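Since the structure comes first, as structure tokens, the remarks are kept for the end.
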Amino acid sequence: MIAVVLAMHGCALGEGTFESDSPGLGSGGEVDGADTQGSGTAAAVSDGESGNIPVTCGDGVVDPGEQCDDGNDDDTDACTRQCQPPSCDDGLLSGGETDVDCGGSCPGCPFEGQCVGPEDCETGFCRDMACDYPTSCRELLEHDPSALDGVFMIDPDGPGGVDPMGVSCDMSTDGGGWIRLSLQNSDGVVVAQDSAGNPWDKCADDGAGYFAWIDEGTISADISPGGSLDEEVALSYQNPADGTIYSTVQVEALRSVVSELSPSTRMVAMTADDDNNDWHTDMMGGHEVYVRGPSGDLTLLSPGTNGECGGADDWPAAGSMSAFYLWSHAADSSVVAGTTGLTDADLTGLPPAVVLPTSVRLVVQTGGGVAFGWEQQVFLVR
């Protein structure tokens, strides 16, 4: 009769001994198979002399076929319950992983996977111990102050709304957390004029002087009817990092999380040669630029007046200047330049609803023209 020792999972050797007349496991288990008693995993192997001897993962003995055996079922240490070192494909929450086979030293976990920090997530964002998408670049930076400029996936309107979208984040300018956008329309500046012979840039100064990334001679007029006009142009936005054009519903979602326009990339409205008229007040002549918000309301960007820049054939008048209005969300960053009849104090800042307008309305009634855009080709909102 052979005395066989069966080590139970988590038990020391010798705590579960029985006798058997069989070279196998005996009445407590299957012959040449897995032990059915206790929580340990036992398998019969041959020692070449006395027959089959049970091998148990978790008995503290490194048996044939095991790479390790630390005598416990703790998968977070150096040896898992499979008697193997932790790996990223063992189907266990092992080693330093934050969820099964992901997080920690393994690849990032998918959406809703368990996490400790942003590095544990494919999304790059961990909220309440679960991988999630930030609603904005600002929220991402608040959770991870070390985040660098780059393209990130955000979900502005949260689960169940518009699918997460990629945005380019500026994490360094003016406190960081800005979404980088560019105008997809035309060449980045929307221009309306009476005609090529009575143009938007007919004053003696540089009509593109506050569009820092483009010169006057490069800009082509979008509307040039050969007379007065009152036109509205829908605005389209894109991700400047890869050229992706955002859909209408994506832009609506972005509007829900932005209320500021960086002072370094202000919105610009320009009028030229409105002959000192104020169309917004009396609709008797002159030029105006408006933007429309998602509620449908119009916001005037060109208060005040602009002077005479010359006739139809003898322009520009010497020393004549366009009217420039540079808008941020904050009044102290919103200023005027050129001939406006106003001071900086007359601009109160953009309402949050039109930081990312749906359209621009352009009015030209007395020759010359108007322009709309941003100071930089890539502008920043948050």
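Owing to the predicted nature of the structure, the values given are computational and were not obtained by experimental measurement.
For the pair E231 and R361, the salt-bridge criterion is not met [side-chain N within less than 4.0 Å of a carboxylate O]. A salt bridge links D75 with R81: the closest approach of a Lys/Arg side-chain nitrogen to an acidic carboxylate oxygen falls below 4.0 angstrom.
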Criterion side chain to side chain donor-acceptor pair (under 3.5 Å) on T173 and D170, from CA distance to verdict: CA-CA 6 Å; T173 301; D170 181 324; 2.8 Å; yes

Passes disulfide (SG to SG under 2.5 Å), C309 versus C203? Steps please. CA-CA 5 Å; C309 292; C203 298; 1.9 Å; yes

Just do the ring pair (Phe, Tyr, Trp, His ring centres under 6.0 Å) check on Y210 and F324 with the steps written out, would you? CA-CA 8 Å; Y210 287 92; F324 294 95; 4.8 Å; yes

Could you walk me through whether E260 and R138 pass the salt bridge (charged side-chain N to carboxylate O under 4.0 Å, His left out) test, one step at a time? CA-CA 11 Å; E260 299 180 11; R138 191 205 303 247; 3.8 Å; yes

Side chain to side chain donor-acceptor pair (under 3.5 Å) for T98 and Q114? Distances and angles first, verdict last. CA-CA 6 Å; T98 58; Q114 296 181 86; over 6 Å; no

The test is disulfide (SG to SG under 2.5 Å); show your working for C169 and C137 and say whether it passes. CA-CA 6 Å; C169 294; C137 296; 2.0 Å; yes

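Side chains of I223 and V191 form no contact here, defined as non-hydrogen atoms less than 4.5 Å apart. You'll find the side chain of V363 reaches within 4.5 Å of the side chain of Y290, heavy atoms only. Counting only heavy atoms from C-beta outward, the side chains of V354 and R292 never approach each other to under 4.5 Å. In this structure the side chain of D101 never reaches within 4.5 angstrom of the side chain of C106, judged on heavy atoms.
In summary, the side chains of D205 and S322 do present a donor paired with an acceptor at a separation below 3.5 Å, with no hydrogens or angles considered. Inspection of the T265 and E375 side chains reveals no N or O donor paired with an N or O acceptor under 3.5 Å. Side-chain contact check for D174 and S262: no donor-acceptor pair (N or O, by modelled atom type) lies under 3.5 Å. Residues E139 and T135 bring a donor and an acceptor atom of their side chains to less than 3.5 Å of each other. D215 and T218 form a side-chain donor-acceptor contact under 3.5 Å, judged by distance and modelled atom types alone.
In this structure, the side-chain contact (heavy atoms from CB on, under 4.5 Å) partners of A317, at least two apart in sequence or on a different chain, are S320.
No donor-acceptor distance shorter than 3.5 angstrom exists from the side chain of H329 to the backbone of L350, with no hydrogens or angles considered.
A cation-pi contact, defined as under 6.0 Å to the ring centre and within 45° of the axis, is absent between R266 and W327.
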